[in-house]
Protein chains: 2
Amino acid sequence: MKIGDLARHAGCTTETVRFYEKEGLLPAADRAANNYRSYGARHLERLRFVRNCRALDMTHEEIHQLLALMETAGADCGGVNELLDAHIQHVDLRIAELLQLKQQLDALRQRCQQQQGVDACGILLGLAEMEASARPERHTHLG
Amino acid sequence: MKIGDLARHAGCTTETVRFYEKEGLLPAADRAANNYRSYGARHLERLRFVRNCRALDMTHEEIHQLLALMETAGADCGGVNELLDAHIQHVDLRIAELLQLKQQLDALRQRCQQQQGVDACGILLGLAEMEASARPERHTHLG
DNA sequence: AAACACCTTGTAGCAACTTCAAGGTCAAGC
DNA sequence: GCTTGACCTTGAAGTTGCTACAAGGTGTTT
Ligand SMILES: [Zn+2]
Ligand SMILES: [Zn+2]
Ligand SMILES: [Zn+2]
Ligand SMILES: [Zn+2]
């Protein structure tokens with residue numbers, strides 16, 4: 001299997017595959033005589049796993065940790081559960097932040113009901129007056 | 001006012017101030033005899049405005065547009081309202097995406113109720129089996 | 001032999017900063 | 001007068017997860 005085939009089967013691009021190899025998310029492929037990367041079923045499984053994790057918005061670091069946990073033969077899955085719980089918290093936290101943001105934005109939007117001169121626009125006034133309390137540090141990797 | 005004072009009054013760092021200047025979000029400062037940047041009340045107002053926009057998760061481009069609209073003397077605020085509405089949609093969309101993600105994650109979490117060998121863990125099985133339908137393009141700048 | 005699709009490497013770009021390196025300026029303390 | 005420390009200057013590189021080249025090698029078809 002060449003890199004393009006692998007990529008197609010996993011629903012990503014060849015560049016992504018090479019990038020994951022560089023990142024250590026995918027083990028280095030064997031090389032054919034012409035120096036082309038050569039893949040088997042194992043690689044496809046692994047790549048699909050990684051892509052599924054990414055579809056769930058896990059970071060490369062989270063995926064790395066998950067892979068390490070999986071590859072510790074005989075280990076139990078407590079670490080896996082913890083990692084997933086932590087990630088779910090990242091999502092919960094970001095949802096809460098965005099809901100709060102949405103409230104602020106709706107309130108701001110209320111301040112202008114009809115078109116008027118920009119000098120009198122309640123939205124612009126609101127943006128000028130807001131006191132964005134010192135930037136809240138980000139506690140989650142979800143933007 | 002030196003750059004450090006300005007930054008403190010706006011709740012950001014001097015690096016951020018210099019960065020905004022380079023980005024055109026903040027007009028270039030006057031220079032004192034020693035080549036230090038020198039700021040007045042106008043700059044502080046502007047920087048606070050930009051920071052408030054960022055606190056609402058607007059992009060630099062959105063802020064640029066907003067500033068352009070504001071500085072068109074005599075214009076009405078229709079464009080401002082449109083821009084804010086569009087940004088509110090960005091937030092709404094991301095909230096919807098994250099709520100869906102949360103559902104998927106909760107379902108996955110359900111698949112492992114107690115610790116067991118990693119080979120039998122329902123979470124890892126779930127991650128292997130998932131068929132992440134071709135990556136959904138992002139339609140919003142919110143991560 | 002030319003066209004075309006595929007592969008290789010390495011580099012640069014995106015957003016919104018942060019961090020670092022190497023150096024210039026200025027007031028205070030000994 | 002000389003050092004310490006806090007500030008300022010510039011420019012380059014790192015962050016995250018890719019994407020998009022550029023410049024070239026390979027392989028099959030016509
Ligand atoms: Zn996470
Ligand atoms: Zn208005
Ligand atoms: Zn927006
Ligand atoms: Zn489990």
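The chains referred to below are lettered A, B, ... by the order of the sequence lines, with proteins before strands, and numbering in each begins at 1. Predicted, not measured: the structure shown is a model, and the values here were computed from it.
Look at CD on Glu15(B): it is 17 Å from P on dT15(D), rounded to the nearest Å. Look at CD1 on Ile3(A): it is 9 Å from P on dT9(C), rounded to the nearest Å. If you take CE of Met58(A) and C1' of dT16(D), they are 17 Å apart, rounded to a whole angstrom. Going from atom CG of Leu6(A) over to atom P of dC7(C) covers 10 Å, rounded to whole Å. What separates CZ of Arg8(A) from P of dC7(C) is a distance of 7 Å, to the nearest Å. Between the CZ atom of Phe19(B) and the C1' atom of dT19(C) there is a distance of 14 Å, rounded to whole Å. Atom CE of Met1(A) and atom P of dC6(C) are 15 Å apart (whole Å). For the pair His141(B) NE2 and dT16(D) P, the computed distance is 22 Å after rounding to whole Å.
Note on Arg31(B): a side-chain N or O is less than 4.0 Å away from OP1 or OP2 of dT10(D). Distances shorter than 4.0 Å separate some side-chain N or O of Thr13(B) from OP1 or OP2 on dT18(C). Neither OP1 nor OP2 of dA16(C) sits under 4.0 Å from any side-chain N or O of Arg18(B). Between Tyr20(A) and dG17(D) there is no side-chain N or O to OP1 or OP2 distance below 4.0 Å. At dT8(C), none of the side-chain N or O atoms of Asn34(A) fall inside 4.0 Å of OP1 or OP2 (strictly under the cut-off). Contact annotation: Thr16(B) side-chain N/O to dT18(C) OP1/OP2 distance is under 4.0 Å.
Taking the side chain of Thr14(B) as heavy atoms from C-beta on, and the options dG17(D), dC8(D), dC7(C), the nearest nucleotide is dC8(D). For Asn35(A), taking side-chain heavy atoms from C-beta onward, the closest of the listed nucleotides dT19(C), dT8(C), dA20(D) is dT8(C).
One finds the CD1 atom of Ile123(A) at 9.5 Å from the CZ atom of Arg111(A) (value rounded to the nearest 0.5 Å).
Ionic pairing of Asp5(B) and Arg8(B) is present here: one or more N-O contacts between side-chain nitrogen and carboxylate oxygen are shorter than 4.0 angstrom. Checked for salt-bridge contact, Arg51(B) and Asp57(B) miss the test: no charged N lies under 4.0 Å from a carboxylate O. Classification of Arg48(A) and Glu45(A) as a salt-bridged pair fails, no side-chain N sitting under 4.0 Å from a carboxylate O.
For the pair Tyr36(A) and Lys22(A), both in contact range of DNA chain C, the more 5′-proximal nearest nucleotide belongs to Tyr36(A).
Backbone-only engagement by Arg37(A) is indicated by non-hydrogen atom pairs under 4.0 Å involving sugar-phosphate atoms exclusively. As judged by a 4.0 angstrom heavy-atom cut-off over every strand, His60(A) is placed among residues touching the sugar-phosphate backbone only. Among the protein residues, Arg54(A) comes within range of the sugar-phosphate backbone only, with heavy atoms under 4.0 Å from sugar or phosphate atoms but none that close to a base.
In this structure, Phe19(B) has its ring center under 6.0 Å from that of His60(B).
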